[in-house]
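Down below is the structure, laid out as structure tokens.
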Amino acid sequence: YNIEDPIKTKTFTTTVTIENASAVTKDMNKWYEVVDGTNQVNFSVSAKRSVLEKLDDTDFTATADFNNIVLSSNGKKGSVHVDVTCNKAVYSSSLNYNGKIKDLELSLEGLMKQPFKVIANTSGIVADGYALGDVKVTNSQLITVSGPESIVSKIEKIVATINVSG
């Protein structure tokens, strides 16, 4: 034990970066959402005080690799281990991560892709001296919406509203 530079513990928070999301969205054809609504993890690190004083939240990277997802038996939930590393290599070997870093918990459901015809609509009043001609979508009349089946299945139509005032 060093009285001048004792071992201390400090808690950090960082944002989780998701890697290989296509393992879920493409390979499994599922839509995912992080259960707690945030991609933040808290973790504590022990090291000499002189080292901890030089570190802040931005010195750490947290990643969740979706290639390593563990699915529930019904396939509606999943969890992915979160790895935390220090970006300052000079300090990496002197850090001790305390406890288990929580897994990223996911809610899963079927991914739905649905093409819709875009309908042109107008709003507002055309200025005096001007006339409104035929309003239509000319480039691509179809747009593909991709997302969770429970939401995409409720879409009835896609409308592009153009304000013609002024």
Side-chain angles (χ1 to χ4, degrees), residues 1-116 118 139-140 142-161 163:
Y1 188 79
N2 183 338
I3 295 173
E4 308 242 341
D5 197 9
I7 301 293
K8 295 286 187 180
T9 300
K10 185 175 177 182
T11 300
F12 296 94
T13 302
T14 192
T15 302
V16 178
T17 300
I18 295 171
E19 295 180 342
N20 301 309
S22 64
V24 172
T25 57
K26 187 175 179 184
D27 300 346
M28 297 170 54
N29 201 36
K30 299 253 186 201
W31 180 265
Y32 69 88
E33 185 173 345
V34 177
V35 171
D36 60 5
T38 178
N39 291 346
Q40 298 277 317
V41 290
N42 299 315
F43 54 95
S44 61
V45 175
S46 297
K48 290 182 178 182
R49 182 182 62 213
S50 61
V51 171
L52 288 180
E53 287 173 348
K54 296 175 184 167
L55 297 173
D56 62 29
D57 293 341
T58 62
D59 293 319
F60 294 90
T61 300
T63 57
D65 186 347
F66 278 24
N67 281 329
N68 302 320
I69 189 168
V70 176
L71 297 174
S72 64
S73 58
N74 66 6
K76 292 185 177 184
K77 293 184 180 183
S79 63
V80 183
H81 176 72
V82 175
D83 288 314
V84 176
T85 56
C86 181
N87 302 330
K88 291 186 174 179
V90 68
Y91 300 126
S92 290
S93 62
S94 59
L95 301 178
N96 183 25
Y97 296 89
N98 303 317
K100 182 181 184 301
I101 296 170
K102 73 171 186 163
D103 290 347
L104 197 62
E105 299 294 328
L106 306 172
S107 172
L108 303 169
E109 71 172 283
L111 178 66
M112 183 176 186
K113 293 180 182 178
Q114 180 71 42
F116 291 93
V118 179
N139 254 358
S140 171
L142 289 178
I143 186 168
T144 300
V145 176
S146 177
E149 191 173 325
S150 63
I151 294 174
V152 176
S153 64
K154 294 178 182 176
I155 298 173
E156 295 177 16
K157 60 185 173 181
I158 303 287
V159 178
T161 302
N163 184 350

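This structure is a prediction, so every number in the text was calculated from the model and none was measured.
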Go through the side-chain N and O atoms of Thr63 and Thr17 and say whether any donor and acceptor fall under 3.5 Å apart.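 Thr63 vs Thr17: no donor-acceptor pair found between side chains.
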Let me confirm one number: the [atom1]-[atom2] distance from [X] to [Y], rounded to the nearest 0.5 Å.
X: Lys30; Y: Leu71; atom1: NZ; atom2: CG; result: 7.5 Å
X: Ser46; Y: Arg49; atom1: OG; atom2: CZ; result: 14.5 Å
X: Leu52; Y: Lys8; atom1: CG; atom2: NZ; result: 10.0 Å
X: Asn20; Y: Asn67; atom1: CG; atom2: CG; result: 4.0 Å
X: Glu33; Y: Leu106; atom1: CD; atom2: CG; result: 9.5 Å
X: Ser44; Y: Lys10; atom1: OG; atom2: NZ; result: 12.5 Å

Greater than 12 external heavy atoms within 6.0 Å of Lys88's NZ: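 Count over threshold, so yes.
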For Lys154, does the NZ atom have more than 12 heavy-atom neighbours from other residues, nucleotides or ligands under 6.0 Å away?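 Open: at most 12 neighbouring heavy atoms sit under 6.0 Å from NZ of Lys154.
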Listed by chain and number, what are the side chain to side chain contact (heavy atoms under 4.5 Å, CB included) partners of Lys48, not counting sequence neighbours?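 Once residues adjacent in sequence are excluded, the partners of Lys48 under the side chain to side chain contact (heavy atoms under 4.5 Å, CB included) criterion are Asp5, Ile7, Ser50, Val51.
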I need the minimum non-hydrogen distance between [X] and [Y], along with the two atoms involved.
X: Cys86; Y: Ser92; result: O-OG, 3.5 Å
X: Lys113; Y: Thr144; result: CB-CG2, 4.2 Å
X: Glu149; Y: Glu109; result: N-OE1, 3.4 Å
X: Ala47; Y: Ser94; result: CB-O, 3.5 Å

Could you check whether any side-chain heavy atom of Val80 comes within less than 4.5 Å of a side-chain heavy atom of Ile18, counting everything from C-beta outward?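 A side-chain contact is absent here, since even the closest heavy-atom pair is not under 4.5 Å.
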Determine whether Ile69 and Leu108 make a side-chain contact, defined as any pair of heavy atoms from C-beta on separated by less than 4.5 Å.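 Yes, side chains in contact.
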Among Leu95, Thr11, Asn98, Val84, the one residue meeting side chain to side chain contact (heavy atoms under 4.5 Å, CB included) with Val45: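 The single option meeting the side chain to side chain contact (heavy atoms under 4.5 Å, CB included) with Val45 is Leu95.
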Of Thr15, Asp57, Thr13, the residue whose pairing with Gln40 passes side-chain hydrogen bond (donor to acceptor under 3.5 Å, both in side chains):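 Only match with Gln40 under side-chain hydrogen bond (donor to acceptor under 3.5 Å, both in side chains): Thr15.
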Under the criterion side-chain hydrogen bond (donor to acceptor under 3.5 Å, both in side chains), which of Thr61, Asp59, Thr58 is the partner of Asn87?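 Answer after filtering Thr61, Asp59, Thr58: Thr61.
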Would Thr14 and Val41 count as a side chain to side chain contact (heavy atoms under 4.5 Å, CB included) if you check the C-alpha gap in whole Å, the side-chain angles of each, and the deciding distance to 0.1 Å? CA-CA 6 Å; Thr14 192; Val41 290; 4.0 Å; yes
Between Gln114 (side chain) and Val152 (backbone), is there a donor-acceptor pair under 3.5 Å?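 The answer is no, because no donor-acceptor pair under 3.5 Å joins these two groups.
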Asp36 side chain to Glu105 main-chain N or O, any donor-acceptor pair under 3.5 Å?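 No, because the side chain of Asp36 does not come within donor-acceptor range (under 3.5 Å) of the backbone of Glu105.
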Within residues 53-101 or reaching into it, pairs that qualify as ring-ring contact (aromatic ring centres under 6.0 Å, His included) - sequence neighbours excluded: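 Pairs touching residues 53-101 that pass the test: Phe12-Phe60, Tyr32-Phe66, Phe43-Phe60.
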